[in-house]
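Here the structure is a predicted model, which is why all the values come from computation and not from measurement. Heavy atoms only: backbone and side chains are in, while hydrogens, waters and symmetry mates are out. In what follows, chains are A, B, ... by sequence order, proteins preceding strands, each numbered from 1.
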Number of protein chains: 2
Amino acid sequence: MERPVSAAATTDPVSRRRLQPEERRQQIIDGAVAFFADVGLEGKTRDLAKRLGVTQSLLFNYFSSKDNLIEAVYEHVYLNRLSDDWPRRLTDRTRPLRDRLLDFYAEYSTLIFQYEWMRIFMFSGLAGAELNRRYLEHLGSVILTPLLAEIGAASRTGSRPGMEDLWNLHGGIVYIGIRQHIYRMPCPDDPSEAIEGAIDRFLHAFDVV
Amino acid sequence: MERPVSAAATTDPVSRRRLQPEERRQQIIDGAVAFFADVGLEGKTRDLAKRLGVTQSLLFNYFSSKDNLIEAVYEHVYLNRLSDDWPRRLTDRTRPLRDRLLDFYAEYSTLIFQYEWMRIFMFSGLAGAELNRRYLEHLGSVILTPLLAEIGAASRTGSRPGMEDLWNLHGGIVYIGIRQHIYRMPCPDDPSEAIEGAIDRFLHAFDVV
DNA sequence: GCATTTATAGATCATATGATCAATAAGGGA
DNA sequence: TCCCTTATTGATCATATGATCTATAAATGC
């Protein structure tokens, strides 16, 4: 086996010994995020150290175990991925629902359609990390559920989607990032047109003007 | 680290020594598919052997290396996932396009919304296996591309989707399986209603009656 | 029942891997 | 410039892991 360690060499060949602890710690976390995104959470600490240009033992000076390091990676990646004013902005009925949805998915897609996020989210999901389920449940309750009512209110005919319909809208959009970063398929540089189309088709189906 | 080996014990505690080589080989492949789907392609041969109720060395009697075994797993999983009469059935204009689409995704979803397929497809995709890209390119060319013309022909107004729109339809449907088997989120037992909704919204947007 | 074949097991090897710890030297303060 | 703190290294440990090889015993044919 032995997965080929995409050895991008040291990130900064100049950086040498004796950084301030906080700086070094941050450097390790940043490097670990990039590294584990590349090779998966079973990437070897020696390979990560080589990439950082430090010794493997140094990692254990900053993190008590590899699991502990991965925890820090999770925190770094999952933190603030979903800014908490979106529930308010999505339900601000002074603006057309279409604009609100376009704004949300424009910002959200730039946040999540990133190599590190996409891949670490998927790796941790496959590994059964609780963080995934919690994140998606959070997304469902603070974003999708409020949207049920918004669409119902904005519909000319009062037709309302079910929760599963909203997951379908969401999934269709997220799948762009999956194709791009997980499957490494050729994808449009700018996904906003595809996203706009998906949103318009969805609103159209529920008679939102 | 040391991922918890979901040790479901031996699959068949009765099965004992000296099977016919072909039978044993098949048993190993079947067990390996289930095992790697659970723990990922970096699962350890000793854990797989334990699950099968055989010794680890026996695996290497049937497969020259772990990579070789994984190749067999890929073949077993990827083979005939997309039956090749679908291009014809999808373009059979004697039937309503909606029926053709519903039929396709009904059958396709039962094929792919399975634990082993979903997870091994994702694991191999993350590992950069060429098989993934080829599979998706195949799907794009023999299923989605023909659908472009079908929708255009069936549209009252002649409006045609782009390729990216079809990936959006497809992705929204596939995402059900991702939520279920990768993220292990609660999902509807029967996805056909959600699929039907997605297809109808899509056709509706392109003025297909 | 016996001999032969060979599927399977058990012991073992070489290396990889997470983790530890004492030794070293970089950098700041006097 | 020297000293002292401590960030960093290098050697090392215990175990895990893919792979190999010989011994064993289950099935098959006579």
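In this structure, the CD atom of A:E22 is 11 Å from the P atom of D:dA7, given to the nearest Å. The separation between B:E23 atom CD and C:dT6 atom C1' is 16 Å, rounded to whole Å. If you measure from atom CG of B:D67 to atom C1' of D:dG18, you get 10 Å, rounded to the nearest angstrom. Across the protein-nucleic acid pair, B:K50 atom NZ and D:dT17 atom P stand 10 Å apart, rounded to whole Å. The interatomic distance linking A:L48 (CG) with C:dA19 (C1') rounds to 15 Å, in whole Å.
Salt bridge annotation for B:R98-B:D200: present, with a cationic side-chain nitrogen under 4.0 angstrom from a carboxylate oxygen.
One donor-acceptor pair, N or O on each side, does fall under 3.5 Å between the base of D:dT5 and the side chain of A:R18. For A:Q56 against C:dA19, a side-chain N or O and a base N or O form a donor-acceptor pair under 3.5 Å. Residue-to-nucleotide contacts include no donor-acceptor pair under 3.5 Å from the side chain of B:R24 to the base of C:dT8.
Residue order along DNA chain D, read from the 5' end via each residue's closest nucleotide, puts B:S65 first among B:S65 and B:Q20. Take the nearest nucleotide of DNA chain C for B:P21 and for B:R46: the residue whose nucleotide is more 5' is B:P21.
Ring planes of A:F121 and A:Y78: tilted class, angle from 30 to 60°. In this pair, A:F104 and A:Y108 present their aromatic rings parallel. The plane angle is below 30°, not in the 30 to 60° band.
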A:R134 and A:E137: CA distance, side-chain angles, deciding distance, salt bridge (charged side-chain N to carboxylate O under 4.0 Å, His left out) verdict
CA-CA 5 Å; A:R134 272 193 286 160; A:E137 277 161 9; over 6 Å; no

What do the steps show when you test A:D30 against A:Q26 for side chain to side chain donor-acceptor pair (under 3.5 Å), and what is the final call?
CA-CA 6 Å; A:D30 292 344; A:Q26 198 53 54; 3.2 Å; yes

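The stretch residues 57-64 of chain B touches DNA chain C through B:S57, B:L58, B:N61, B:Y62, each having a heavy atom within less than 4.0 Å of the strand.
In this structure, the side chain to side chain contact (heavy atoms under 4.5 Å, CB included) partners of A:D85, at least two apart in sequence or on a different chain, are A:S83, A:R88, A:R89.
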